[in-house]
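To keep things clear, I will list the structure first and then write my remarks on it.
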2 protein chains.
Amino acid sequence: MKESAALDAFAAMSNETRLRILKRLVAAGPTGLPAGEIADAVGASPSRTSFHLSTMAAAGIIRAQRQARQIVYAADFMALGALVRFLLEECCSNDPTVRACCGLAADPASETQTPARSGGCDDA
Amino acid sequence: MKESAALDAFAAMSNETRLRILKRLVAAGPTGLPAGEIADAVGASPSRTSFHLSTMAAAGIIRAQRQARQIVYAADFMALGALVRFLLEECCSNDPTVRACCGLAADPASETQTPARSGGCDDA
DNA sequence: CTTTCATTTCAATAGATCTTGAAATATCTT
DNA sequence: AAGATATTTCAAGATCTATTGAAATGAAAG
(Lines give C-alpha, C1' and ligand atoms only; values in the text may rest on other atoms or scores of the structure.)
Protein backbone atom coordinates (compact mmCIF):
# COMPACT_ATOMS: atom_id res chain seq x y z
CA MET A 1 0.00 0.00 0.00
CA LYS A 2 1.36 3.41 -0.98
CA GLU A 3 1.83 5.91 1.81
CA SER A 4 -0.38 8.50 0.10
CA ALA A 5 -3.20 5.95 -0.05
CA ALA A 6 -2.77 5.26 3.65
CA LEU A 7 -2.85 8.98 4.44
CA ASP A 8 -6.11 9.33 2.52
CA ALA A 9 -7.54 6.27 4.25
CA PHE A 10 -6.63 7.59 7.69
CA ALA A 11 -8.18 10.95 6.83
CA ALA A 12 -11.30 9.13 5.72
CA MET A 13 -11.50 7.34 9.06
CA SER A 14 -10.94 10.46 11.14
CA ASN A 15 -14.49 11.77 10.83
CA GLU A 16 -17.34 10.59 13.01
CA THR A 17 -19.94 10.47 10.25
CA ARG A 18 -17.61 8.57 7.95
CA LEU A 19 -16.67 6.10 10.66
CA ARG A 20 -20.35 5.44 11.27
CA ILE A 21 -20.86 4.92 7.56
CA LEU A 22 -17.95 2.52 7.42
CA LYS A 23 -19.22 0.43 10.32
CA ARG A 24 -22.64 0.28 8.72
CA LEU A 25 -21.15 -0.82 5.39
CA VAL A 26 -18.94 -3.42 7.02
CA ALA A 27 -22.01 -4.81 8.77
CA ALA A 28 -23.85 -4.86 5.44
CA GLY A 29 -21.20 -7.10 3.92
CA PRO A 30 -20.02 -7.27 0.30
CA THR A 31 -23.49 -6.58 -1.07
CA GLY A 32 -23.41 -3.06 0.35
CA LEU A 33 -26.21 -0.54 0.74
CA PRO A 34 -27.74 2.21 -1.40
CA ALA A 35 -26.83 5.80 -0.52
CA GLY A 36 -30.30 6.64 0.77
CA GLU A 37 -30.31 3.79 3.25
CA ILE A 38 -26.87 4.80 4.45
CA ALA A 39 -28.08 8.37 4.96
CA ASP A 40 -31.02 7.12 7.03
CA ALA A 41 -28.81 4.77 9.01
CA VAL A 42 -26.37 7.49 10.04
CA GLY A 43 -28.93 10.29 10.28
CA ALA A 44 -27.31 12.65 7.80
CA SER A 45 -28.81 14.59 4.88
CA PRO A 46 -28.49 13.14 1.37
CA SER A 47 -26.00 15.75 0.24
CA ARG A 48 -23.91 15.46 3.35
CA THR A 49 -23.91 11.68 3.05
CA SER A 50 -22.97 11.91 -0.60
CA PHE A 51 -20.07 14.19 0.26
CA HIS A 52 -18.70 11.72 2.80
CA LEU A 53 -19.31 8.70 0.57
CA SER A 54 -17.33 10.40 -2.21
CA THR A 55 -14.50 11.13 0.19
CA MET A 56 -14.40 7.51 1.31
CA ALA A 57 -14.58 6.19 -2.25
CA ALA A 58 -11.76 8.52 -3.30
CA ALA A 59 -9.75 7.20 -0.36
CA GLY A 60 -10.36 3.69 -1.67
CA ILE A 61 -11.99 2.20 1.40
CA ILE A 62 -15.44 1.81 -0.18
CA ARG A 63 -16.70 1.22 -3.72
CA ALA A 64 -19.71 2.55 -5.61
CA GLN A 65 -21.86 0.85 -8.20
CA ARG A 66 -25.00 2.14 -9.85
CA GLN A 67 -27.96 -0.27 -9.67
CA ALA A 68 -30.96 1.08 -11.48
CA ARG A 69 -31.80 4.35 -9.79
CA GLN A 70 -29.80 3.75 -6.68
CA ILE A 71 -26.08 3.91 -6.12
CA VAL A 72 -24.95 1.04 -3.97
CA TYR A 73 -21.86 1.45 -1.81
CA ALA A 74 -19.90 -1.40 -0.28
CA ALA A 75 -16.88 -1.57 2.02
CA ASP A 76 -13.68 -2.57 0.26
CA PHE A 77 -12.58 -5.30 2.63
CA MET A 78 -9.27 -5.91 0.94
CA ALA A 79 -8.38 -2.24 1.10
CA LEU A 80 -9.27 -2.24 4.79
CA GLY A 81 -7.07 -5.28 5.30
CA ALA A 82 -4.24 -3.54 3.49
CA LEU A 83 -4.71 -0.55 5.78
CA VAL A 84 -4.51 -2.65 8.94
CA ARG A 85 -1.42 -4.26 7.53
CA PHE A 86 0.13 -0.88 6.67
CA LEU A 87 -0.48 0.26 10.22
CA LEU A 88 1.05 -2.88 11.65
CA GLU A 89 4.02 -3.21 9.29
CA GLU A 90 4.94 0.20 7.91
CA CYS A 91 3.91 2.40 10.82
CA CYS A 92 4.63 0.08 13.71
CA SER A 93 7.46 -2.01 12.24
CA ASN A 94 5.70 -5.11 13.54
CA ASP A 95 6.53 -4.06 17.06
CA PRO A 96 5.78 -6.97 19.41
CA THR A 97 3.91 -4.84 21.95
CA VAL A 98 1.60 -3.54 19.22
CA ARG A 99 1.11 -7.03 17.83
CA ALA A 100 0.36 -8.50 21.24
CA CYS A 101 -2.55 -6.07 21.64
CA CYS A 102 -4.33 -7.57 18.64
CA GLY A 103 -3.71 -11.18 19.53
CA LEU A 104 -0.83 -11.58 17.11
CA ALA A 105 2.36 -13.52 17.73
CA ALA A 106 5.29 -11.26 18.52
CA ASP A 107 7.13 -12.38 15.42
CA PRO A 108 5.16 -12.13 12.17
CA ALA A 109 6.97 -15.17 10.73
CA SER A 110 6.26 -17.23 13.83
CA GLU A 111 4.76 -20.65 13.32
CA THR A 112 3.75 -20.86 16.93
CA GLN A 113 0.30 -20.34 18.33
CA THR A 114 -1.16 -16.85 18.39
CA PRO A 115 -1.02 -15.85 22.06
CA ALA A 116 -3.77 -14.35 24.10
CA ARG A 117 -3.26 -10.63 24.50
CA SER A 118 -0.58 -10.23 27.09
CA GLY A 119 -1.06 -7.84 29.98
CA GLY A 120 -0.53 -4.13 29.67
CA CYS A 121 -2.58 -3.55 26.55
CA ASP A 122 -5.02 -0.67 26.54
CA ASP A 123 -8.54 -1.99 26.44
CA ALA A 124 -10.05 -1.66 22.99
CA MET B 1 -10.68 2.21 23.08
CA LYS B 2 -13.21 5.01 22.92
CA GLU B 3 -14.38 6.05 19.50
CA SER B 4 -13.37 9.67 20.04
CA ALA B 5 -9.84 8.54 20.88
CA ALA B 6 -9.73 6.52 17.69
CA LEU B 7 -10.95 9.49 15.65
CA ASP B 8 -8.18 11.64 17.11
CA ALA B 9 -5.62 8.92 16.45
CA PHE B 10 -6.72 8.52 12.83
CA ALA B 11 -6.57 12.30 12.37
CA ALA B 12 -3.07 12.24 13.83
CA MET B 13 -2.01 9.61 11.32
CA SER B 14 -3.52 11.39 8.33
CA ASN B 15 -0.72 13.92 7.93
CA GLU B 16 2.50 13.17 6.09
CA THR B 17 4.78 14.94 8.54
CA ARG B 18 3.15 13.26 11.51
CA LEU B 19 3.34 9.83 9.89
CA ARG B 20 7.04 10.38 9.28
CA ILE B 21 7.46 11.40 12.91
CA LEU B 22 5.61 8.31 14.07
CA LYS B 23 7.73 5.96 11.99
CA ARG B 24 10.87 7.59 13.31
CA LEU B 25 9.67 7.28 16.90
CA VAL B 26 8.65 3.67 16.44
CA ALA B 27 12.11 2.96 15.06
CA ALA B 28 13.63 4.74 18.06
CA GLY B 29 11.88 2.36 20.44
CA PRO B 30 10.61 3.04 23.96
CA THR B 31 13.49 5.38 24.76
CA GLY B 32 12.26 7.90 22.25
CA LEU B 33 13.96 10.96 20.80
CA PRO B 34 14.26 14.64 21.76
CA ALA B 35 12.17 17.10 19.73
CA GLY B 36 15.18 18.64 18.01
CA GLU B 37 16.38 15.31 16.67
CA ILE B 38 12.89 14.53 15.43
CA ALA B 39 12.77 17.87 13.65
CA ASP B 40 16.08 17.15 11.94
CA ALA B 41 15.00 13.62 11.03
CA VAL B 42 11.82 14.74 9.30
CA GLY B 43 13.19 18.00 7.93
CA ALA B 44 10.69 20.32 9.56
CA SER B 45 11.20 23.53 11.51
CA PRO B 46 11.21 23.40 15.33
CA SER B 47 7.87 25.16 15.65
CA ARG B 48 6.23 23.07 12.99
CA THR B 49 7.57 19.90 14.58
CA SER B 50 6.39 21.04 17.99
CA PHE B 51 2.92 21.66 16.60
CA HIS B 52 2.70 18.16 15.17
CA LEU B 53 4.19 16.54 18.25
CA SER B 54 1.58 18.27 20.41
CA THR B 55 -1.17 17.05 18.10
CA MET B 56 0.10 13.48 18.32
CA ALA B 57 0.53 13.63 22.08
CA ALA B 58 -3.01 15.01 22.47
CA ALA B 59 -4.21 12.11 20.31
CA GLY B 60 -2.46 9.74 22.71
CA ILE B 61 -0.20 7.98 20.21
CA ILE B 62 3.03 9.44 21.60
CA ARG B 63 4.19 10.60 25.03
CA ALA B 64 6.40 13.49 26.12
CA GLN B 65 8.82 13.69 28.99
CA ARG B 66 11.17 16.52 29.87
CA GLN B 67 14.80 15.42 30.32
CA ALA B 68 16.98 18.31 31.33
CA ARG B 69 16.64 20.87 28.55
CA GLN B 70 15.24 18.55 26.00
CA ILE B 71 11.77 17.13 25.70
CA VAL B 72 11.92 13.50 24.74
CA TYR B 73 9.04 12.00 22.81
CA ALA B 74 8.34 8.29 22.48
CA ALA B 75 5.75 6.26 20.61
CA ASP B 76 3.00 4.84 22.82
CA PHE B 77 3.12 1.27 21.62
CA MET B 78 0.14 0.12 23.64
CA ALA B 79 -2.00 2.93 22.28
CA LEU B 80 -0.93 1.98 18.77
CA GLY B 81 -1.84 -1.63 19.49
CA ALA B 82 -5.23 -0.51 20.77
CA LEU B 83 -5.72 1.46 17.57
CA VAL B 84 -4.94 -1.53 15.34
CA ARG B 85 -7.32 -3.56 17.44
CA PHE B 86 -10.04 -0.91 17.18
CA LEU B 87 -9.65 -0.91 13.41
CA LEU B 88 -9.85 -4.68 13.27
CA GLU B 89 -12.64 -5.23 15.78
CA GLU B 90 -14.82 -2.12 15.96
CA CYS B 91 -14.47 -0.88 12.41
CA CYS B 92 -14.10 -4.13 10.54
CA SER B 93 -16.08 -6.46 12.84
CA ASN B 94 -13.23 -8.94 12.58
CA ASP B 95 -14.14 -9.55 8.98
CA PRO B 96 -12.25 -12.64 7.74
CA THR B 97 -11.11 -10.98 4.51
CA VAL B 98 -9.62 -8.10 6.45
CA ARG B 99 -7.99 -10.46 8.92
CA ALA B 100 -6.52 -12.64 6.19
CA CYS B 101 -4.68 -9.61 4.78
CA CYS B 102 -2.71 -9.22 7.99
CA GLY B 103 -1.87 -12.88 8.46
CA LEU B 104 -4.58 -13.43 11.05
CA ALA B 105 -6.79 -16.47 11.38
CA ALA B 106 -10.29 -15.84 10.04
CA ASP B 107 -11.81 -16.40 13.47
CA PRO B 108 -10.29 -14.34 16.28
CA ALA B 109 -10.97 -17.12 18.79
CA SER B 110 -9.43 -19.75 16.57
CA GLU B 111 -6.81 -22.00 18.11
CA THR B 112 -5.57 -23.12 14.71
CA GLN B 113 -2.45 -21.90 12.98
CA THR B 114 -2.37 -18.37 11.60
CA PRO B 115 -2.61 -18.84 7.85
CA ALA B 116 -0.42 -17.25 5.23
CA ARG B 117 -2.23 -14.33 3.64
CA SER B 118 -4.68 -15.82 1.24
CA GLY B 119 -4.88 -14.60 -2.31
CA GLY B 120 -6.69 -11.45 -3.27
CA CYS B 121 -5.21 -9.12 -0.69
CA ASP B 122 -3.98 -5.75 -1.82
CA ASP B 123 -0.24 -5.58 -1.45
CA ALA B 124 0.79 -3.52 1.53
C1' DC C 1 -42.46 12.88 -22.79
C1' DT C 2 -43.57 14.28 -18.26
C1' DT C 3 -43.28 12.97 -13.54
C1' DT C 4 -41.20 10.82 -9.78
C1' DC C 5 -37.43 8.97 -7.25
C1' DA C 6 -32.48 8.63 -5.92
C1' DT C 7 -28.45 10.83 -5.77
C1' DT C 8 -25.02 14.19 -6.91
C1' DT C 9 -23.22 18.74 -7.77
C1' DC C 10 -22.83 23.49 -6.79
C1' DA C 11 -22.21 27.86 -4.29
C1' DA C 12 -21.90 30.02 -0.07
C1' DT C 13 -20.34 29.97 4.42
C1' DA C 14 -18.30 28.52 8.70
C1' DG C 15 -14.87 26.32 10.95
C1' DA C 16 -10.66 23.60 11.44
C1' DT C 17 -5.86 22.79 10.30
C1' DC C 18 -1.22 23.93 8.68
C1' DT C 19 2.73 26.90 8.05
C1' DT C 20 5.79 30.68 9.14
C1' DG C 21 8.58 33.56 11.80
C1' DA C 22 8.99 36.14 15.98
C1' DA C 23 8.70 36.20 20.84
C1' DA C 24 8.36 33.71 25.21
C1' DT C 25 9.65 29.94 28.47
C1' DA C 26 12.56 26.60 30.69
C1' DT C 27 17.00 24.62 31.62
C1' DC C 28 21.72 24.45 31.91
C1' DT C 29 26.54 26.62 31.92
C1' DT C 30 29.81 29.98 33.10
C1' DA D 1 23.10 36.93 36.83
C1' DA D 2 24.04 36.62 31.88
C1' DG D 3 24.33 33.82 27.95
C1' DA D 4 23.45 29.71 25.36
C1' DT D 5 20.46 25.90 24.10
C1' DA D 6 16.04 23.41 23.43
C1' DT D 7 11.50 23.87 22.78
C1' DT D 8 7.03 25.97 22.93
C1' DT D 9 3.63 29.56 22.22
C1' DC D 10 1.57 33.12 19.64
C1' DA D 11 -0.43 35.74 15.80
C1' DA D 12 -1.25 36.06 11.00
C1' DG D 13 -2.40 34.23 6.84
C1' DA D 14 -3.25 30.39 3.61
C1' DT D 15 -5.44 26.24 2.73
C1' DC D 16 -8.42 22.44 3.53
C1' DT D 17 -12.77 20.37 5.27
C1' DA D 18 -17.58 20.23 6.51
C1' DT D 19 -22.40 21.76 6.38
C1' DT D 20 -26.48 23.64 4.22
C1' DG D 21 -30.01 24.12 0.89
C1' DA D 22 -31.04 24.72 -3.91
C1' DA D 23 -30.45 23.19 -8.48
C1' DA D 24 -28.90 19.61 -11.76
C1' DT D 25 -28.38 14.76 -13.32
C1' DG D 26 -29.72 9.93 -14.22
C1' DA D 27 -32.98 6.25 -14.34
C1' DA D 28 -37.43 4.30 -14.15
C1' DA D 29 -42.59 4.48 -14.51
C1' DG D 30 -46.88 6.19 -16.06
Side-chain angles (χ1 to χ4, degrees), chain A residues 3-25 28 31-76, chain B residues 3-25 28 31-76:
Chain A
E3 169 165 307
S4 62
L7 288 169
D8 289 348
F10 287 133
M13 321 246 342
S14 70
N15 174 279
E16 191 176 354
T17 302
R18 286 195 293 264
L19 201 54
R20 267 207 299 248
I21 291 175
L22 181 65
K23 286 180 183 179
R24 189 67 196 79
L25 286 181
T31 312
L33 287 176
E37 250 180 83
I38 299 170
D40 289 348
V42 305
S45 72
S47 94
R48 189 176 153 202
T49 305
S50 178
F51 167 78
H52 287 302
L53 287 170
S54 298
T55 302
M56 296 169 83
I61 62 174
I62 67 174
R63 305 178 92 73
Q65 202 197 348
R66 174 137 236 155
Q67 270 175 31
R69 2 184 150 178
Q70 353 200 55
I71 298 182
V72 174
Y73 287 89
D76 186 329
Chain B
E3 169 164 308
S4 62
L7 288 169
D8 289 347
F10 287 134
M13 321 246 343
S14 69
N15 174 279
E16 191 177 354
T17 301
R18 287 195 292 263
L19 201 55
R20 268 208 297 249
I21 291 175
L22 181 66
K23 286 180 183 180
R24 188 68 195 79
L25 285 182
T31 312
L33 286 176
E37 251 179 82
I38 300 170
D40 289 348
V42 306
S45 72
S47 93
R48 189 176 154 203
T49 305
S50 177
F51 168 77
H52 288 301
L53 287 169
S54 298
T55 303
M56 296 169 82
I61 61 174
I62 67 174
R63 303 179 93 75
Q65 202 197 348
R66 174 138 236 156
Q67 269 175 31
R69 22 180 134 174
Q70 348 198 60
I71 297 181
V72 173
Y73 287 90
D76 186 329

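A note on names: the letters A, B, ... follow the listed sequences, proteins ahead of strands, and every chain is numbered from 1. Just so you know, these numbers use all the heavy atoms, side chains as well, and skip hydrogens, waters and symmetry mates. Every value quoted in this text rests on a predicted model; they were computed, and no experiment measured them.
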Contact residues, residues 10-18 of chain A to DNA chain D [heavy atom, < 4.0 Å]
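Of all residues in residues 10-18 of chain A, the ones placing a heavy atom under 4.0 Å from DNA chain D are A/Asn15, A/Arg18.
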Which residues, if any, of residues 36-56 of chain B bring a heavy atom under 4.0 Å of DNA chain D?
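Contacting residues: B/Gly36, B/Pro46, B/Ser47, B/Ser50.
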Between the protein and nucleotides 27-30 of chain C, list every N/O to N/O distance that falls short of 3.5 Å.
residue	atom	partner	partner atom	Å
C/dC28	O2	B/Arg69	NH2	3.3

Taking distance alone, no hydrogens or angles, what donor-acceptor pairs closer than 3.5 Å link side-chain atoms of residues 46-61 of chain B to residues at least two apart or in another chain?
residue	atom	partner	partner atom	Å
B/Arg48	NH2	B/Thr17	OG1	3.1
B/Thr49	OG1	B/Ala44	O	3.4
B/Thr49	OG1	B/Ser45	O	2.8
B/His52	ND1	B/Arg18	NH1	3.1
B/Ser54	OG	B/Ser50	O	2.9
B/Thr55	OG1	B/Phe51	O	3.0

Rounded to the nearest 0.5 Å, what separation is found between the [atom1] atom of [X] and the [atom2] atom of [Y]?
X	Y	atom1	atom2	result
A/Tyr73	A/Ile21	OH	CD1	9.5 Å
B/Met13	A/Ser14	CE	OG	11.5 Å
A/Ile38	A/Arg24	CD1	CZ	8.5 Å
A/Leu25	A/Leu33	CG	CG	6.0 Å

Using whole Å, report how far CD of B/Gln70 lies from C1' of C/dA26.
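Rounded to the whole Å, the gap is 13 Å.
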Range on DNA chain D touched by chain A - first to last nucleotide, heavy-atom distance under 4.0 Å
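Extent of the interface on DNA chain D: D/dA18 to D/dA29.
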What pairs with A/Arg63 under salt bridge (charged side-chain N to carboxylate O under 4.0 Å, His left out), at least two apart in sequence or on another chain?
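If we apply the salt bridge (charged side-chain N to carboxylate O under 4.0 Å, His left out) test to A/Arg63, skipping adjacent residues, the hits are A/Asp76.
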Looking only at non-hydrogen atoms, find the nearest pair between A/Thr31 and A/Val72 and report the distance.
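Of all heavy-atom pairs spanning A/Thr31 and A/Val72, the closest is O-CG1, 3.4 Å.
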Should the heavy atoms of other residues, nucleotides or ligands under 6.0 Å from CD of B/Glu3 be counted, would the total exceed 12?
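Check passes, neighbour count above 12.
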